[in-house]
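Working notes, structure below.
Numbered from 1 within each chain, the chains take letters A, B, ... in sequence-line order.
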Protein chains: 2
Amino acid sequence: MQRPFLHPPAEAIRLESVLYALADPVRLEIVRRLVTGDCPLNCSTAAPAHLPKSTQSHHFQILREAGLIQSERRGTEVVNSLRLDEIEAKFPGVVAAILKAAKPLKCPDAEKSGS
Amino acid sequence: MQRPFLHPPAEAIRLESVLYALADPVRLEIVRRLVTGDCPLNCSTAAPAHLPKSTQSHHFQILREAGLIQSERRGTEVVNSLRLDEIEAKFPGVVAAILKAAKPLKCPDAEKSGS
DNA sequence: TCAATAGTTCGATAATCTTGAACTACGGGA
DNA sequence: TCCCGTAGTTCAAGATTATCGAACTATTGA
């Protein structure tokens with residue numbers, strides 16, 4: 001068994017880790033996609049498609065360890081969801097303000113939904 | 001002349017850089033001290049005292065390049081001030097929420113103001 | 001001019017990020 | 001049940017970045 005996902009309890013979530021996780025354009029985009037909910041939540045679809053799988057996995061690990069997302073194996077894929085309530089309870093307004101200020105990432109994903 | 005300080009114009013300030021700058025406990029503490037204004041604003045007093053000067057300088061450079069602070073030589077010391085208005089205009093509520101959520105850094109600075 | 005103070009720059013080591021390659025886990029046939 | 005395809009993880013190596021002592025620069029004051 002691949003070691004199960006490690007999720008920090010709410011008390012252990014640190015502001016610095018949350019900020020660090022969101023300080024990367026790719027991870028910020030992942031969180032943005034998860035919160036808008038306009039796409040399935042597995043890793044491949046939530047991450048920019050042009051990235052290697054290993055890099056995607058690394059970013060999800062950081063988001064997980066920061067306490068921003070929760071990952072759960074569902075069949076062959078991993079379903080990710082945001083832990084917005086817990087983060088909001090600990091750091092009111094932080095993630096909301098960041099997401100409001102975040103612009104969609106410009107990347108080779110650009111599908112038909114042109115700007 | 002030591003090359004003068006580089007400050008990005010407001011338009012060039014990126015959310016990711018701001019978050020990255022604030023994701024470090026030391027830098028978050030520096031910003032916290034600058035905003036409470038309960039101490040002079042030069043580098044040595046704004047940074048945790050136990051840190052080597054070179055490390056302090058590095059942190060101030062990152063804060064500067066992120067657009068969070070403005071540095072100006074005043075005699076033999078460097079005076080730092082926050083660019084809160086510009087950041088607030090670009091990313092409303094972000095820094096305010098972060099500062100509200102930030103706890104004072106526990107460090108060997110601990111003066112008589114015991115917890 | 002000399003010494004002291006406040007920061008910066010340099011150089012080396014350590015830690016972290018990125019990515020290809022190999023591996024693990026699960027589901028679907030035949 | 002065995003084999004294959006899909007979805008992610010883990011490993012290893014090179015590239016970035018952080019930390020900190022040592023040397024350097026800038027400014028003030030005696």
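Rounded to whole Å, the distance from CD1 on B:Ile62 to P on C:dT8 is 13 Å. As a whole-Å value, the separation of A:Glu77 CD from D:dT9 C1' is 15 Å. Here D:dT9 presents its P atom at 11 Å from CD of A:Glu65, a figure rounded to the nearest Å. Rounded to a whole Å, the CD atom of B:Gln56 is 14 Å from the C1' atom of C:dT5. At whole-Å resolution of the value, NZ in B:Lys53 and P in D:dA26 are 15 Å apart. The CG atom of A:Asn42 sits 14 Å away from the C1' atom of C:dC26 (whole-angstrom rounding). Between the P atom of D:dT16 and the CG atom of A:Asp24 lies a distance of 16 Å, rounded to the nearest Å. Following rounding to the nearest Å, A:Phe5 (CZ) and D:dA7 (P) show an atom-to-atom distance of 15 Å.
Within the structure, a side-chain polar atom (N or O) of A:Ser57 is placed less than 4.0 Å from OP1 or OP2 of D:dT9. Not one side-chain nitrogen or oxygen of B:Tyr20 sits closer than 4.0 Å to the OP1 or OP2 atom of C:dC17. Residue A:Thr55 places at least one side-chain N or O closer than 4.0 Å to OP1 or OP2 of C:dT19. OP1 and OP2 of D:dT17 both lie 4.0 Å or more from every side-chain N or O belonging to B:His58. The shortest distance between the side-chain N/O atoms of B:Thr76 and the OP1/OP2 oxygens of C:dA6 is not below 4.0 Å. When the side-chain nitrogen and oxygen atoms of A:His59 are compared with OP1 and OP2 of C:dC17, none of them lie within a distance under 4.0 Å.
Salt-bridge check for A:Arg32 with A:Glu29: passed, with a basic side-chain N closer than 4.0 Å to an acidic carboxylate O.
Tracing side-chain contacts under 4.5 Å through hydrophobic residues (I, L, V, M, F, W, Y), one never reaches A:Tyr20 starting from B:Val18; they form parts of separate clusters.
One distance of note links CG of A:Leu28 with NE2 of A:His59; it measures 12.0 Å at 0.5 Å rounding. A:Glu65 contributes atom CD, which lies 7.5 Å from atom CD1 of A:Ile62 (distance to the nearest 0.5 angstrom). Rounded to the nearest 0.5 angstrom, B:Asn80 CG and B:Leu63 CG are separated by 8.5 Å. Residue A:Ser57 holds its OG atom at 6.5 Å from CZ of A:Arg64, rounded to the nearest 0.5 Å.
Residue contacts for B:Arg64: at a heavy-atom cut-off of 4.0 Å it reaches the sugar-phosphate backbone alone, with no base atom in range.
Out of C:dT18, D:dA26, C:dC26, the shortest distance to the side chain of A:Arg73 is found at C:dC26. Closest to the A:Pro52 side chain, of the nucleotides C:dT19, D:dT19, D:dC20, is C:dT19. The side chain of A:Ser54 approaches C:dG20 more closely than any other nucleotide in the set C:dG7, C:dG20, D:dA22.
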**Watson-Crick or G-U pairs under 3.5 Å in DNA chain C, rendered as dot-bracket with [ ] for crossing pairs and | for another strand** = ||||||||||||||||||||||||||||||

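Take the nearest nucleotide of DNA chain C for A:Gly75 and for A:Leu51: the residue whose nucleotide is more 5' is A:Leu51.
Pairs engaging residues 80-91 of chain A under the salt bridge (charged side-chain N to carboxylate O under 4.0 Å, His left out) rule: A:Arg83-A:Glu86 [sequence neighbours left out].
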**Prompt:** After noting the C-alpha distance and the side-chain angles of B:Ile98 and B:Leu19, does the key distance pass the side-chain contact (heavy atoms from CB on, under 4.5 Å) rule?
**Reply:** CA-CA 9 Å; B:Ile98 292 174; B:Leu19 296 181; 4.1 Å; yes

